[in-house]
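Quick note on labels: first sequence line is chain A, next is B, and so on, each numbered from 1. We use all heavy atoms of the structure for the numbers below, so side chains are in, but hydrogens, waters and symmetry mates are not. It should be emphasised that the depicted structure is a prediction, and the values quoted were computed from it without experimental measurement.
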2 protein chains.
Amino acid sequence: MCELLGMSANVPTDICFSFAGLLERGGRTGPHRDGWGITFYEGKGCRSFKDPLPSCDSEIAHLVRRYPMKSTAVIAHIRQANRGGVRLENTHPFIRPWWRRNLTFAHNGQLSGFRQALPLEQGFQPIGATDSEWAFCWLLQRLAQRYPKRPANMLTAFRYMARECQHLRALGVYNMLLSDGVYLLAYCTSQLHWITRRAPFGKATLIDSDWVIDFEQETTDNDVVSVVATRPLTQDEQWHSIPSGHWVVFKQGEIVARSRF
Amino acid sequence: MCELLGMSANVPTDICFSFAGLLERGGRTGPHRDGWGITFYEGKGCRSFKDPLPSCDSEIAHLVRRYPMKSTAVIAHIRQANRGGVRLENTHPFIRPWWRRNLTFAHNGQLSGFRQALPLEQGFQPIGATDSEWAFCWLLQRLAQRYPKRPANMLTAFRYMARECQHLRALGVYNMLLSDGVYLLAYCTSQLHWITRRAPFGKATLIDSDWVIDFEQETTDNDVVSVVATRPLTQDEQWHSIPSGHWVVFKQGEIVARSRF
């Protein structure tokens, strides 16, 4: 299995603290040694760093942890391979264009019989060999079929994708993060937690290292930052669990849509 | 205008030396201060580093220069913006999937009347505001129209794209590098040079810094490495110029197709 990390914020925020916690699980405190990746949005553009090396040994990961890239939407992933070899093309997140936006996708879980259940047409072929990228291509294909014209409100497209995830859930474990740089959709079938931080800010300690942060020192009163992770990253805060088959959409740090749970 | 750098090699080769020369032109010895980017292929996967900051000031660029990532196909670009603001989404190279491959594209030049001359359909919309990304989307659209099934030999698709570049040349200055990780197509309308290095290897000195390299020490007798650049990067080697309206395709360091010149 793998671990997911996502962030949605109303002001450009660095994710160094949370990413450091995730990295520890990439071979040191966790078994996810088969690569890692992170995508930061800046406006309509985004940049990704990824490596098939364990994140705890990766020079590029250390740069990302050290160098505070500020973003309002981030998706990160550390991998413990099941389907698809330990190669760069199988390393999450995956990115594809859709209606003048970059869509970024990361998955934790494993799907069975996906090639038969999710046939793909021209233009929606995966590059690597993972069930994850296949599922992403299928979601994009559904999206293109449903919206031959760009939807007036992209949130309707995210609601549509969240509902379509039911078909993926039927094939196995499917925890997913998906973003266009504005919205961040978290879909859960087994394990996914979120926390929203806002004033008054407090202190937090990483579970996977002894890094303590005082968010009060790092933020202004208007900042709203939500973090989504497979397992809670801090030990002294209250994280919320998303129940199986449910989903949450964040925008600028706030929840803007969710299934009823 | 911008500057382009590409590499094609028969063994995974680091591009630190050539990239260092290019970086100097990104704000120090050259005026290209509006961002930079580089894409390295590893198998079917690829990874990009990009920044809207000048490359000579970019911490990420320094990592890329320091950290020898080995690849058989690389495309890099430093930007002096004309169309499209200095933003991440306007920073080359651009990457799009096509038939289970990542296609990577970078352009030097400027096109006029491209929106009218190159209409784009659904699925081929640019994300940023550059003429370059628009031209890339149009090439992909032509490719999808011409090859509704994957061509048996991808070289035929590269030959087709090279011919289609005539339409882009009619709109202005269009120097381009395009790769799928196997083939590297260099198309020239004003300025593009290449060199192929093979045994016996010699020494070379960067034009833009005092770095001298002895390729003999860095290679084996079987290595073949071609480098393509807007302007020659070294002062003591013989670079070849591609004439206006002509093109060359490299694979594993060797020329495998070219227009007659």
Chain A: which of B:Pro52, B:Pro126, B:Cys46 shares the most heavy-atom pairs with it under 4.5 Å?
B:Pro126
Are side-chain heavy atoms of B:Pro97 and A:Pro97 found at a separation under 4.5 Å?
yes
Output all residues satisfying ring pair (Phe, Tyr, Trp, His ring centres under 6.0 Å) with A:Phe40, sequence neighbours left out; order by chain, then residue number.
none
Counting only non-hydrogen atoms closer than 4.5 Å, does B:Phe124 touch chain A with its backbone (N, CA, C, O), its side chain (CB onward), both, or neither?
neither
Quick one: donor-acceptor pairs between chain B and chain A, under 3.5 Å, side chains and backbone, table format.
| from | atom 1 | to | atom 2 | distance (Å) |
| --- | --- | --- | --- | --- |
| B:Lys44 | NZ | A:Ile127 | O | 3.0 |
| B:Gly45 | N | A:Glu89 | OE1 | 3.4 |
| B:Arg47 | NH1 | A:Lys50 | O | 2.6 |
| B:Arg47 | NH1 | A:Asp51 | OD1 | 3.3 |
| B:Lys50 | O | A:Arg47 | NH1 | 2.6 |
| B:Asp51 | OD1 | A:Arg47 | NH1 | 3.3 |
| B:Glu89 | OE1 | A:Gly45 | N | 3.4 |
| B:Arg100 | NE | A:Gln125 | OE1 | 3.3 |
| B:Arg100 | NH2 | A:Gln125 | OE1 | 3.2 |
| B:Gln125 | OE1 | A:Arg100 | NE | 3.3 |
| B:Gln125 | OE1 | A:Arg100 | NH2 | 3.2 |
| B:Ile127 | O | A:Lys44 | NZ | 3.0 |

